[in-house]
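Let me begin by presenting the structure, written as structure tokens, before commenting on it.
For clarity, every value in this text was computed on a predicted model and none was experimentally measured. Lettering of chains follows the sequences in order, A, B, ..., and the numbering in each one begins at 1.
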Amino acid sequence: MSNIRVRYPPSPTGEPHLGNIRTALFNWLFAKNNKGKFILRVEDTDRNRLVEGAMESQLEALKWLGIDWDEGPDIGGAYKPYTQSERLDIYKKISDRLIQDGFAYKCYCSQERLAQMREGYKKTQSIVGYDRKCRNINSLELGEINNEKSYVVRFKTPLEGKIIFNDLVRGQVEFENIRLDDFVILKSDGFPTYHLANVIDDYYMKITHVMRAEEWLSSTPKHIHIYNSMNWEIPEFAHLPIILAPDKSKLSKRHGATSILEYRRLGYLPNAMVNFLAKLGWSLDGETEKIETSELISNFSLKKVSKSGAIFDIDKLNWLNGVYIRGLTADELTFELLDYWKIFPSLELPVNIDYDLLKRIVPLISERIKTLNDAGPLISYFFSDTVKYKKEQILQKGLNFSDVNIILEKLYSEVIAIDDFESNVIETNLRNFVSESNYKTGQVLGILRVIYTGLDVAPPLFESMEILGKKHCVSVISRAIDNMKSS
RNA sequence: GGCGCGUUCGUCUAGUGGCCUAGGACACCGCUCUCUCAAGGCGGAGAUCACGGGUUCGAAUCCCGUACGCGCUACCA
């Protein structure tokens, strides 16, 4: 057991975003690879954006994917609490200490003044950021202002010098201090900003590697300043590439599903999802596409993480999910489907489906579906006595309706004569029938396909007939004959 | 505007100075199999390695510049 500790700190402000989950996955893989700990923390310091039930969704998403945590809000741990809103006293204490030591100061500027200040910047196009009005406020003025006025605490960023650090993904990065403004560390409602809370928690929770999205790269020097002023050891940083939409912008709702839970609903398998997400921004060797989670863990390395953002390619996900579905045994796929329909019932199917029946059907569709959601429409004919189809569907290439009538009549006596109603017997009989007739295979079997399935594109015929059973198959033909006559 | 990061087939990527007339995968196209659709097999098209300069006997790989994209520049994370 190494002492490597990483963390995933979601904010309960909405559904678990694909990009965040990918970040969680990389952290988790890194922890597992190093035999370290993966810690879950709730960053709920923005009281305005809290969403009811959001944290539950976050946990649900991780559980679904099999990403487990060693410490967290629900299971506790040596460094609890793991929810920031329960750690307010710690943030206040550090904030006071920073003020006392001259690293931070109270700022009484109103929101209005700050807004005006920014307006002014816009016109002159000069440096943006806080103008440091309260930075050097003297004690007399401070006394006048008094305690009754609300304030924020700002960090007193050094005016010269620079911060240089080594990012595990990007290498050495430099920022000049003068470009940083005096950022807020404690808000007027007493809650810390991300910058403060994140540093304090990472320190107290003994986080060794901070792996987060690329958008944090620019604020890393702020964090380093806080570490330095507290004389705390600075963790390693790794800024991960972002997941992009097909138009190269940040993946957002207008591009379709962004919540990982949405992909569960759409019928993707968790293993496939993990595999796909892992390969978005990381690669094993440029050859291997399907990598099991255990393999992912043993091979994961930050050195192989790419620097540039990756576009989320739904086509490739569909393909990979298909690969995973095809890799399942009949038993496994049957379970997966049943579980899936339990949560997301299929409109095309009855509520209770018999396990054994489904298990017989599954081999017919496993290589025809890309997602679990594809299965319903493809197999509904097994669960309905009267399948609907349009008359034109029956009309196979090169046939007219009287041909169809003739064929159906002959087929009736042919099918009713099959004693051993098993797919290869059915196949032999029907193929013999076709070769002795003047019709083509596709024409005859096409008619059967339509009357049995109602589909133009369907699972294999003979196997379907076997499962449907002789009685059903015979009566469907006779009903088809009646239908032809009546219209 | 400033600062930072990035840039190899449409997409994900391999590639760390000679094995690269750039490899794999998805998507696409063709053939094959065939009761339809898939899956599978075979094959094809697709990248002057963003651009321009260097360094070197030799550069996708090292250096400099430019362009473009993205991010940050909140009492959001």
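Side-chain contact between Val169(A) and Phe237(A) is absent, with no heavy-atom pair separated by less than 4.5 Å. Within the 4.5 Å cutoff, no side-chain heavy atoms of Asn20(A) are placed close to those of Pro10(A). His472(A) has its side chain within reach of Val476(A): a pair of non-hydrogen atoms, C-beta onward, lies under 4.5 Å apart.
Ser308(A) comes within 4.0 angstrom of sugar-phosphate atoms only, judged by non-hydrogen atoms across all strands, and of no base. No engagement by Gln443(A) is indicated, since no non-hydrogen atom pair under 4.0 Å with the nucleic acid exists. Heavy atoms of Arg49(A) sit under 4.0 angstrom from at least one base atom. If you check every strand for non-hydrogen atoms under 4.0 Å, Lys304(A) touches sugar and phosphate atoms only. Nucleic acid contact for Thr45(A): sugar-phosphate only, since backbone atoms but no base atoms lie under 4.0 Å from a heavy atom of the residue. Within the 4.0 angstrom heavy-atom criterion, only backbone atoms of the sugar-phosphate kind lie near Ser306(A); the bases stay farther away. Residue contacts for Gly281(A): at a heavy-atom cut-off of 4.0 Å it reaches the sugar-phosphate backbone alone, with no base atom in range.
The separation between Ile311(A) atom CD1 and rG6(B) atom C1' is 13 Å, rounded to whole Å. Following rounding to the nearest Å, His255(A) (NE2) and rC70(B) (C1') show an atom-to-atom distance of 13 Å. The CG-P distance, from Asn198(A) to rC76(B), rounds to 15 Å in whole Å.
For the P atom pair drawn from rU61(B) and rC3(B), the interatomic distance equals 26 Å after rounding to whole Å. Going from the C1' atom of rC5(B) to that of rG41(B) covers 44 Å, rounded to whole Å. The gap from the C1' atom of rG69(B) to that of rG43(B) amounts to 37 Å, rounded to the nearest Å. Rounded to whole Å, the separation between the P atoms of rU66(B) and rC29(B) comes to 44 Å.
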Show the distances under 3.5 angstrom between N or O atoms of the protein and N or O atoms of nucleotides 60-69 of chain B.
none

Polar atom pairs (N or O), protein with nucleotides 33-37 of chain B, under 3.5 Å:
from	atom 1	to	atom 2	distance (Å)
rC35(B)	OP1	Arg431(A)	NH1	2.4
rC35(B)	OP1	Arg431(A)	NH2	2.6
rC35(B)	O2'	Arg449(A)	NH1	3.0
rC35(B)	O2	Arg449(A)	NH1	3.3
rC35(B)	N3	Leu461(A)	N	3.3
rU36(B)	O4'	Arg449(A)	NH1	3.2
rU36(B)	O4'	Arg449(A)	NH2	3.2
rU36(B)	O2'	Asp456(A)	O	3.1
rU36(B)	O2	Ala458(A)	N	2.7
rU36(B)	O2	Ala458(A)	O	3.0
rU36(B)	N3	Ala458(A)	O	2.6
rC37(B)	O2	Arg368(A)	NH1	3.0
rC37(B)	N3	Arg368(A)	NH1	2.4

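Note on Asp182(A) versus Arg135(A): salt bridge recorded, some NZ/NE/NH1/NH2 to OD/OE distance being below 4.0 Å.
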How does protein contact run along nucleotides 23-28 of chain B, one letter per nucleotide 5' to 3', with B for base contact, S for sugar-phosphate only, - for none, heavy atoms under 4.0 Å? BBBS--
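Among residues two or more places apart in sequence or in another chain, the side-chain hydrogen bond (donor to acceptor under 3.5 Å, both in side chains) test is passed with Thr13(A) by none. Partners of Lys359(A) according to the side-chain contact (heavy atoms from CB on, under 4.5 Å) rule, which considers only residues two or more places apart in sequence or in another chain, are Ala330(A), Asp331(A), Thr334(A), Tyr355(A).
A donor-acceptor pair is defined here as one N or O able to donate and one able to accept, closer than 3.5 Å; no such pair exists between the side chain of Glu160(A) and the backbone of Asn177(A). Without hydrogens or angle criteria, Ser57(A) side chain to Gly53(A) main chain gives a donor-acceptor distance under 3.5 Å.
The side chain of Trp216(A) lies closest to rA77(B), out of rA77(B), rA39(B), rC75(B). Checking rG6(B), rC76(B), rU13(B) against the side-chain heavy atoms of Lys187(A) singles out rC76(B) as nearest. The side chain of Lys307(A) approaches rG6(B) more closely than any other nucleotide in the set rA77(B), rG6(B), rG4(B). In the set rA77(B), rC5(B), rC12(B), the nucleotide with an atom closest to the side chain of Leu280(A) is rC12(B).
rC28(B) is paired with rG44(B) under the Watson-Crick or G-U wobble criterion, all donor-acceptor distances under 3.5 Å. Across the strands present, rG4(B) finds its partner in rC70(B); the criterion is a Watson-Crick or G-U wobble pair with both atom distances under 3.5 angstrom. Pairing for rU21(B) is absent, with no Watson-Crick or G-U wobble pair whose two atom distances lie under 3.5 Å.
To the nearest 0.5 angstrom, Arg154(A) atom CZ is 10.5 Å from Ile185(A) atom CD1.
If Val173(A) and Tyr194(A) are placed on RNA chain B by their nearest nucleotide, the residue sitting closer to the 5' end is Val173(A).
RNA chain B lies under 4.0 Å from at least one heavy atom of each of the following residues of residues 152-164 of chain A: Val152(A), Arg154(A).
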